[in-house]
Amino acid sequence: MKKIIHFSRFFLFLMVMLLASCSKTPMQKLESSTVYSDMSQTFWVKQYDQKTQLWSEAVEYCMNNSDKPNCDAVSRVWMLGDSAK
């Protein structure tokens, strides 16, 4: 019975670690070639409005990596500014 409990805890630990490693930061998503639906213009307008550090980093990154698909929304918001809303 103790082996089953230890195995269950170990399995649970592995699942938690796996799920934690699957979540990506917004910058990791920008650097990816995979399109992420949550990296939309709406998301970046909020970052722009709040003048976040993430917004500054995203603009700098995307200016030099415009081929990345998740940079499209950042570029649109940056070019349109307040009219992107």
Side-chain angles (χ1 to χ4, degrees):
M1 183 70 164
K2 285 187 177 185
K3 285 184 180 182
I4 293 173
I5 292 172
H6 287 295
F7 177 75
S8 296
R9 286 184 182 166
F10 180 71
F11 182 74
L12 179 61
F13 173 76
L14 285 177
M15 293 304 294
V16 168
M17 294 306 291
L18 178 65
L19 289 173
S21 68
C22 289
S23 62
K24 293 182 182 264
T25 67
M27 286 306 297
Q28 289 171 326
K29 290 177 181 180
L30 282 179
E31 295 165 356
S32 173
S33 295
T34 302
V35 176
Y36 289 92
S37 60
D38 59 335
M39 294 285 95
S40 66
Q41 188 166 326
T42 303
F43 174 82
W44 291 111
V45 165
K46 289 177 186 175
Q47 300 302 310
Y48 168 83
D49 285 344
Q50 296 171 7
K51 310 272 189 274
T52 64
Q53 179 67 30
L54 174 60
W55 171 250
S56 298
E57 291 173 11
V59 169
E60 184 176 341
Y61 176 80
C62 289
M63 289 178 101
N64 297 310
N65 298 280
S66 60
D67 60 317
K68 297 295 184 180
N70 297 298
C71 282
D72 288 346
V74 173
S75 298
R76 281 194 305 272
V77 173
W78 182 77
M79 287 190 299
L80 297 174
D82 288 331
S83 63
K85 299 176 188 178

- Tyr48 ring centre to Lys46 NZ or CZ under 6.0 Å, with the angle to the axis within 45°?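 Negative - Lys46 is either too far from the ring of Tyr48 or too far off its axis.
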Looking only at non-hydrogen atoms, find the nearest pair between [X] and [Y] and report the distance.
X: Met27; Y: Tyr61; result: CE-CB, 3.8 Å
X: Ser33; Y: Pro69; result: O-CG, 3.5 Å
X: Ala73; Y: Ser40; result: CB-C, 3.7 Å
X: Val77; Y: Trp55; result: CG1-CH2, 3.6 Å

Are Phe43 and Val35 linked, directly or through other ILVMFWY residues, by side chains that come within less than 4.5 angstrom of each other?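 Each belongs to a different hydrophobic cluster.
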| Any sub-3.5 Å donor-acceptor pair from Asn70's side-chain atoms to Tyr36's backbone N or O? |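 Judged by distance alone, yes, a pair lies under 3.5 Å.
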task = Taking Lys68 for its side chain and Leu30 for its backbone only, find out whether a donor-acceptor pair lies under 3.5 Å.
result =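 Pair absent, no side-chain N/O of Lys68 close to backbone of Leu30.
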So how far is it from Ser56 OG to Leu54 CG, rounded to the nearest 0.5 Å?
->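 Atom-to-atom, Ser56:OG and Leu54:CG are 8.5 Å apart.
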So SG of Cys62 and CD of Glu31: to nearest 0.5 Å the spacing works out to 9.5 Å
Please indicate whether Gln28 has more than 12 foreign heavy atoms, meaning atoms of other residues, nucleotides or ligands, lying under 6.0 Å from its CD.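 Above 12, so yes.
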